[in-house]
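Worksheet for the structure shown next.
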Amino acid sequence: MPADFEKIVTSFDIPGDFLQAEPHGEGHINATFVTLHRHNGRLTRHLIQRINNQIFVDPFQLMDNIGRVTEHIRTKLQQQDCPDVSSVTMTVIPTVQGRSCLHHSDGSYWRALTFIPDTICHQTVQNPQQALNAAHAFGRFQTLLVDLPGPRLAETIPAFHDTPRRLADYERILSHANPERIAAAREEISEAAKLSHLAATLIHLQKESVIPERITHNDTKLNNVLFDASEKAICVVDLDTVMPGLSLYDFADMVRTMTTTANEDERDLSLVRVQPALFEAVVHGYLKATIAMLTDAEKQHLLSAAETIIYEQALRFLTDHLAGDRYYRIARPGHNLDRCRTQLALLQSIAYQRETLSEIISRSLTCSD
C-alpha cells in the first residue's frame, strides 16, 4: 500500500470519510484493496485497485471498455425488472474530476469500483451445482452483451487468444532458452510439438467466418464469479479482459478451470482429470443461458475449443518456464512447469474420454433446444 494511499482514495468520488483499507483477494495482476468509509452514520466499502499497466498498457481505454459494458448490463437488468441492480453488477466510480481512473504522480494508475457485500469467492470448484451456476453466470454475461452498441470494444490485450501466435512465441523462446530449463521440460516440449495441430482450430474458424465475433469475458475462472450464501451466482467480476472474442473462448476456459477439482499447479497428475459430472454441469449451465444465441457451428465446436484453449494455456506456462518465469508469479522453482503439466494432463483426460464428453454435449444440446 503506497504511503499516500489516502490521497489516492480521496481522489475518487466516494461519499463520506475514509477510515481504513486492507488488501483484498488473490489476484496476480492488479493490487486490490477494500476501503471503509463512514457516510451519514453508515459504514460503506469500496474497491480500490492499482491497474497493472505493464499488462494493460492503456488504462483509460481499458476503463472505457468496462464502463460501457457495466452500464449496458445495468440497463438490460433494469429493463428485466431486476430489483437491486447494484448488487448484481459492478459500477465504476469516477474520480472527483470525472475521469474513469486516476493517473497518479508516481506513474501508477488506479480505479475505484463498488464493493458487492455478502458474497463468496471460490478458488476451486466443490460440486457440480456450483460449476453449473458459474457457467450459467458467464453464459448470461455473454447474452447480456450480445447487443452492445458500437463502436467495437478495444482489445485490452491484443491477440490474447491467438493460439498460433502463442505457439510461434513459444518456439522463438525455445530456440534460445537456457539448456537446463530445456532439459527439465524435455517431455513437455515433445508433447507440445505432438499437439501443435490444435493451435489453429479456433483462429481458422474465425478467419473463415464460420463462427462470429462476440463480446466475451476471456477469463472465465470460478473465482471471477461472486456467490451468495445459498451458492447462487450473483455477479461476474474481473472485467479487464472483456473485449471482442469468440464465445468458445469462454466456454473452453470454463472446461479448463471448472471440470477438475485439482489445483492448477497440482503435482500429483493422477488427480488431474476432467470429471464428467463437472463437465456436464458446465455444459448444461452455459447452454441454458446461451442456446438461443449460439450458432450451429459454435455448438459443434465446443469440445475442440476446449482442447485448443487448454493447449494454449499449456504453451503459455511452458513458454514462461523457458523464458525464466517472467510473467506468472511463482512460489517455487519449476512452478510454471508444474502448471504446464496439469494442462497437458487435462488434454490427455479429454482424449481418453472423448466419446463420453461428446455424448454429454449432444445430450445437453437436445435438452436445451
Side-chain angles (χ1 to χ4, degrees), residues 12-14 30 46-47 49 51 56 58-95 98-102 109 111-117 119 133-158 160-161 206 211-221 224-228 232-251 253-254 285-295 298:
F12 290 95
D13 191 18
I14 301 174
N30 304 311
H46 302 81
L47 292 177
Q49 287 186 317
I51 302 171
F56 304 106
D58 190 337
F60 285 101
Q61 186 183 68
L62 167 72
M63 293 308 298
D64 180 66
N65 272 13
I66 294 175
R68 288 176 58 197
V69 164
T70 53
E71 183 60 34
H72 185 74
I73 289 175
R74 187 176 300 107
T75 299
K76 293 291 288 289
L77 293 177
Q78 288 170 342
Q79 292 171 350
Q80 297 171 12
D81 296 323
C82 178
D84 186 7
V85 174
S86 63
S87 68
V88 294
T89 185
M90 303 190 79
T91 303
V92 176
I93 301 171
T95 67
R99 307 200 75 183
S100 59
C101 63
L102 172 71
Y109 291 83
R111 66 178 168 210
L113 302 162
T114 52
F115 179 81
I116 300 176
T119 56
N133 291 347
H136 184 267
F138 280 121
R140 187 164 184 248
F141 181 82
Q142 282 186 1
T143 61
L144 287 170
L145 293 173
V146 74
D147 59 350
L148 178 74
R152 186 175 184 265
L153 291 180
E155 293 187 50
T156 55
I157 304 179
F160 185 61
H161 278 308
Q206 183 179 24
I211 50 179
E213 181 178 271
R214 301 192 184 277
I215 297 170
T216 49
H217 187 279
N218 295 299
D219 192 16
T220 50
K221 299 192 295 285
N224 283 332
V225 177
L226 300 181
F227 294 83
D228 66 12
K232 179 183 177 182
I234 297 298
C235 181
V236 169
V237 297
D238 195 357
L239 307 183
D240 289 339
T241 54
V242 174
M243 55 184 165
L246 303 180
S247 63
L248 297 177
Y249 293 159
D250 283 359
F251 172 79
D253 213 31
M254 284 188 279
Y286 178 70
L287 290 179
K288 184 179 178 182
T290 62
I291 192 67
M293 176 191 79
L294 297 178
T295 65
E298 287 171 305

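Along the sequence shown, residues are numbered consecutively beginning with 1. Predicted model, so just to flag it, every value in this text is computed and none were measured.
- Side-chain contact between Glu213 and Arg152 is present, with at least one heavy-atom pair separated by less than 4.5 Å.
- For the atom pair CD1 of Ile51 and CG of Leu62, the computed distance is 5.5 Å after rounding to the nearest 0.5 Å.
- The aromatic rings of Tyr249 and His161 lie tilted to each other, with the angle between the two planes from 30° to 60°.
- Within the model, atoms CG of Leu113 and CE of Met90 stand 4.5 Å from one another, a figure rounded to the nearest 0.5 Å.
- Contact between Ala289 and Thr143 at its shortest, heavy atoms only, is O-CG2, 3.2 Å.
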Give the intermediate values and the outcome of side-chain contact (heavy atoms from CB on, under 4.5 Å) for residues Ile234 and Phe227.
CA-CA 5 Å; Ile234 297 298; Phe227 294 83; 5.7 Å; no

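- Listed here is the closest heavy atom pair of Cys235 and Ile116: SG-CD1, 3.5 Å.
- Looking at Thr95, its side chain does come within 3.5 Å of a backbone N or O of Arg99 through a donor-acceptor pair.
- Side-chain atoms of Val225 and Val237, non-hydrogen and from C-beta on, never get closer than 4.5 Å to each other.
- Across all their heavy atoms, Val88 and Cys82 have their closest contact at CG2-SG, 3.8 Å.
- Counting non-hydrogen atoms of other residues, nucleotides and ligands closer than 6.0 Å to NZ of Lys288 gives a total of 12 or fewer.
- Of the possible polar contacts, none joining the Ser100 side chain to the Met63 backbone as a donor-acceptor pair under 3.5 Å is found.
- Here the CD1-CG distance, from Ile215 to Leu246, works out to 12.5 Å after rounding to the nearest 0.5 Å.
- Using a 4.5 Å cut-off on side-chain heavy atoms (C-beta onward), Asp240 and Thr156 make no contact.
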Residue pair Ile66, Glu71: steps toward the side-chain contact (heavy atoms from CB on, under 4.5 Å) verdict
CA-CA 8 Å; Ile66 294 175; Glu71 183 60 34; over 6 Å; no

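- Using modelled atom types and a 3.5 Å distance limit, the side chains of Glu298 and Ser247 yield a donor-acceptor pair.
- Using a 4.5 Å cut-off on side-chain heavy atoms (C-beta onward), Asp253 and Asp250 make no contact.
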One pair to check against side-chain contact (heavy atoms from CB on, under 4.5 Å): Leu287 and Leu294. What are the steps and the verdict?
CA-CA 9 Å; Leu287 290 179; Leu294 297 178; 3.7 Å; yes

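- Within the 3.5 Å criterion, the main-chain N or O of Pro151 finds a donor-acceptor partner in the side chain of Arg68.
- Here CE of Met293 is found 4.5 Å from CD of Gln142. Values are rounded to the nearest 0.5 Å.
- Taking the side chain as every heavy atom from C-beta outward, Tyr109 and Phe60 approach each other to under 4.5 Å.
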Any chance you could lay out the side-chain hydrogen bond (donor to acceptor under 3.5 Å, both in side chains) test for Thr75 and Gln78, step after step, and finish with the verdict?
CA-CA 5 Å; Thr75 299; Gln78 288 170 342; 4.7 Å; no

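- Summarising the geometry of Leu145 relative to Val242, their closest heavy-atom pair is CD1-CG1, 4.5 Å, with the distance given to 0.1 Å.
- Checking side-chain atoms of Arg111 against main-chain N and O of Leu47 turns up no donor-acceptor pair under 3.5 Å.
- Using a 4.5 Å heavy-atom threshold, the side chains of Glu155 and Asn218 count as separate.
- By the 4.0 Å N-to-carboxylate-O rule, Asp147 lies close enough to Lys76 to be salt-bridged with it.
- In this structure, the side chains of Phe12 and His46 stay at 4.5 Å or more apart for every pair of heavy atoms.
- Of all the heavy atoms in Ala233 and Ala137, the pair that sits closest is CB-CB, 3.8 Å.
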Working for side-chain contact (heavy atoms from CB on, under 4.5 Å), residues Phe141 and Leu239
CA-CA 11 Å; Phe141 181 82; Leu239 307 183; 4.0 Å; yes

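- Counting heavy atoms from C-beta on, the side chains of Leu153 and Asp64 never come closer than 4.5 Å.
- His217 NE2 to Asn224 CG: the interatomic distance, rounded to the nearest 0.5 Å, is 5.0 Å.
- Not a single donor-acceptor pair under 3.5 Å links the side chain of Arg140 to the backbone N or O of Tyr286.
- The minimum heavy-atom distance between Thr91 and Arg74, with the atom names listed, is OG1-NH2, 2.8 Å.
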